[in-house]
> 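Handing you this structure, nothing more for now.
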Amino acid sequence: MLINKGHLTNEDYAFYDSLGFWGFGFKISILNMLLKGKRVKVKDGRYLDYQARTYLVKNADNDLRWISSFYNIFKVQILITISFLACVFITSKMGV
């Protein structure tokens, strides 16, 4: 939807899409920041701002409240992954 209006480019979307689950999480985090009214830097000095948020809210086909819930789950997933990697690193240093 944001590509059609020119707020994002196909290259922006393809980059996030190529990251799989993590890319989906990043797209959700961008939407979450937009819905909270924050300005989001995309790349090359481009920003998604109030106009993108207004367009998103006006033209969304469904309820966007799920984005906030998913974003919270995404944050928990990142914490679990970092904790797991830290445990693996510590145990490998201990020789266990």
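The structure presented is a predicted model; accordingly, all values stated were derived computationally and were not measured.
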> Should we count CD of Gln77 as having more than 12 external heavy atoms under 6.0 Å?
yes

> Just how far is it from atom CG of Leu48 to atom CE of Met33, taken to the nearest 0.5 Å?
9.5 Å

> Less than 4.0 Å between a side-chain N and a carboxylate O, is that true for Lys38 and Asp49?
no

> What's the verdict on side chain to side chain contact (heavy atoms under 4.5 Å, CB included) for Trp66 and Ile28, showing C-alpha distance, side-chain angles and the deciding distance?
CA-CA 10 Å; Trp66 68 271; Ile28 295 302; 3.5 Å; yes

> Does any part of the side chain of Lys27, heavy atoms only, come nearer than 4.5 Å to the side chain of Asp17, both counted from C-beta?
yes

> Going only through I, L, V, M, F, W and Y residues with side-chain contacts under 4.5 Å, is there a path from Phe26 to Phe15?
yes

> Please report the interatomic distance CZ(Arg39) to OH(Tyr47), rounded to the nearest 0.5 Å.
5.0 Å

> Can you name the closest pair of heavy atoms from Leu35 and Arg53 and give their distance?
O-NE, 3.3 Å

> Check for me, please, whether Leu31 and Ile73 land in the same ILVMFWY cluster - side-chain distances under 4.5 Å, paths through other members count.
no

> Under 6.0 Å between ring centres: does that hold for Phe70 and Phe24?
yes

> Would you compute the distance between atom OG1 of Thr54 and atom CG of Leu34 and round it to the nearest 0.5 angstrom?
10.0 Å

> Determine, using the 4.5 Å side-chain heavy-atom cutoff (strictly less than), whether Ile30 and Tyr50 are members of one ILVMFWY cluster.
no

> Roughly how far, to the nearest 0.5 Å, is CZ of Phe84 from CZ of Phe89?
14.5 Å

> Let me know which of Ile78, Ile82, Val76 forms a side chain to side chain contact (heavy atoms under 4.5 Å, CB included) with Ile80.
Val76

> Determine whether Lys75 and Leu79 satisfy the following criterion, side chain to side chain contact (heavy atoms under 4.5 Å, CB included), listing intermediate values before the conclusion.
CA-CA 6 Å; Lys75 289 191 295 188; Leu79 289 174; 5.7 Å; no

